[in-house]
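Following: one structure in structure tokens, then a few remarks.
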Amino acid sequence: MIGAGMAGLACAVELTRHGRRVIVHEATTHAGGRCRSFVDDVIDRMIDNGNHLILSGNVAVHAYLNHVGAENALVGPERADFPFFDLDTGERWNLQPGAGCIPWWLLVPGRRIPGTGLAEYVRGFRLAFACSEDTVTSRVGACGPLVRRLWEPLTVAVLNATPDEAAASLLWPVIRETFGRGEAACRPRVARRGLGPDLVEPGIDWLKRNGCQVQFSHRLRALGPVEGQATAFLSFAGERIDLGVGDAVVLAVPPTAASELLPGLTVPQGSRAIVNAHFRLPAERAGPFVIGLIGGTSQWLFVRSDVASVTVSAADALAEEPADDIAARIWPEVCRALDLGPQPLPQYRIVKEKRATFAQTPSEVARRPAATTRWKNLWLAGDWTDTGLPATIEGAMRSGLTAARFAMMAV
Ligand SMILES: Cc1cc2nc3c(=O)[nH]c(=O)nc-3n(C[C@H](O)[C@H](O)[C@H](O)COP(=O)(O)OP(=O)(O)OC[C@H]3O[C@@H](n4cnc5c(N)ncnc54)[C@H](O)[C@@H]3O)c2cc1C
């Protein structure tokens, strides 16, 4: 296994569960890739590189957590409930999908998002028939209350792209697998303490307990495919591993690294940024909880104990601004959303992930490669491979499971 991000971890756990001997080679000193936690010395709290929202319907994430004995890692409300706050109008509402697969609750005006009409929701079903060239805007329209209060925040959160560029074909599978299965599948979940202690470390500990070797600071520099046959060797700094019959390689690295290792591989080339702003609050809050924010810079506000963290996705322009300016712009929105009244800017940390995900536009989605390669013992995994899902933890983990199944069938 090359790469210990969420795709690599899911793949390694699946292979190990099925009795395969696995060695994980990770380039950095830690696992988790784009999911990581660290203790920030400015706000003096453990924070994640970025808030990660998981839904109860994310089956691969929950299966992984169960396998590694971390079933209590995620927390969230007992029923699906998404509070929203409109920074322009000051309105608050809660999006609470109904229990069944058919959204009967949309027929009740009081259950709908304020200002939206039934016809707008009906129009949303056009996403189900999106073709590969469609953007979200080309299916649901460019304006209207439902676009502003649902389709835009949902698209930006799920696809890390604005509706006018985001591939509609990736949004519908998420709606089908979560909202389409009723509220039990769309309960919001976040890591209890952080991504590191709750999602990543339990996987690494389980792998080590079950005989898997995990080698950190072990970057794959080259691999030697024999034309038309199979991968023959792996080359690390100062070390070469020759592969024998029955050995298989899963490459679970980001697209740029994969294309450097496998010249000629078609991969998505563009990426989109996500910016997170973490603020130390004056006092602890009950929670954790998540609020969707409309009409400002902030998009989602996550509160855990005395830390408020704001996520801004599709944030390439924002990521170019100085951290001080970003904090000064976002903090008043946090104060309003949490009813704190005007407060001086507290200690904060801005984390810019300039390549948070690949650019999930129709043309880039068309460049996603399959898990299989032309070599008989080499498979690809990662959120950028052709999972049919957006670049999320769930997509990354499903890609890892797919690669594991191919590897087990072949060797
Ligand atoms: C700020 C932010 C917010 C996000 N929010 C959400 C969210 O709310 N919900 C959600 O589900 N998803 C979210 N995501 C997306 C999610 O984090 C990713 O989809 C997922 O973590 C991708 O996992 P991966 O294993 O495919 O890739 P990566 O995490 O990139 O893992 C690849 C691994 O390969 C290693 N590697 C690279 N080159 C080599 C080499 N040559 N040799 C060995 N190892 C190598 C890397 O060090 C890394 O550990 C967010 C992402 C970011 C950045």
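For the single chain, residues carry numbers from 1 onward in sequence order. All ligand and atom numbering here is 1-based and tracks the order in the structure.
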query: Can a donor-acceptor pair be found between the side chains of Thr135 and Asp164 at a distance below 3.5 Å?
result: no

- prompt: When Asp48 is tested against each of Arg304, Arg34, Arg193 for salt bridge (Lys or Arg N to Asp or Glu O under 4.0 Å), which residue passes?
  reply: Arg304

task: Could you tell me whether Tyr348 and Trp331 have their ring centroids closer than 6.0 angstrom?
output: no

message: Tell me if the aromatic rings of Phe216 and His30 count as close, with their centers under 6.0 Å from one another.
response: no

message: Testing the basics here: between Arg148 and Gly295, what is the closest heavy-atom pair and its distance to 0.1 Å?
response: NH2-CA, 3.8 Å

Under 3.5 Å, N/O to N/O: give me all the pairs between ligand 1 and the protein, one per line with atom names and distance.
unit_1	atom_1	unit_2	atom_2	d
ligand 1	5 (N)	Asn51	O	3.3
ligand 1	8 (O)	Leu53	N	2.7
ligand 1	9 (N)	Leu53	O	3.0
ligand 1	11 (O)	Ile393	N	2.9
ligand 1	12 (N)	Ile393	N	3.4
ligand 1	14 (N)	His52	NE2	3.3
ligand 1	17 (O)	His52	NE2	2.7
ligand 1	19 (O)	Asp383	OD2	2.7
ligand 1	19 (O)	Thr392	O	3.3
ligand 1	25 (O)	Met6	N	3.1
ligand 1	25 (O)	Ala7	N	2.9
ligand 1	26 (O)	Asp383	N	2.9
ligand 1	27 (O)	Arg34	NH2	3.0
ligand 1	29 (O)	Arg34	N	2.8
ligand 1	30 (O)	Arg34	NE	2.9
ligand 1	30 (O)	Arg34	NH2	3.2
ligand 1	41 (N)	Leu220	O	3.0
ligand 1	42 (N)	Leu220	N	2.9
ligand 1	44 (N)	Ala27	N	3.1
ligand 1	47 (O)	Glu26	OE2	2.6
ligand 1	49 (O)	Glu26	OE1	2.7
ligand 1	49 (O)	Glu26	OE2	3.2

task: Apply the ring-ring contact (aromatic ring centres under 6.0 Å, His included) test between Trp93 and each candidate in Phe82, Phe85, Phe84; give the one that qualifies.
output: Phe84

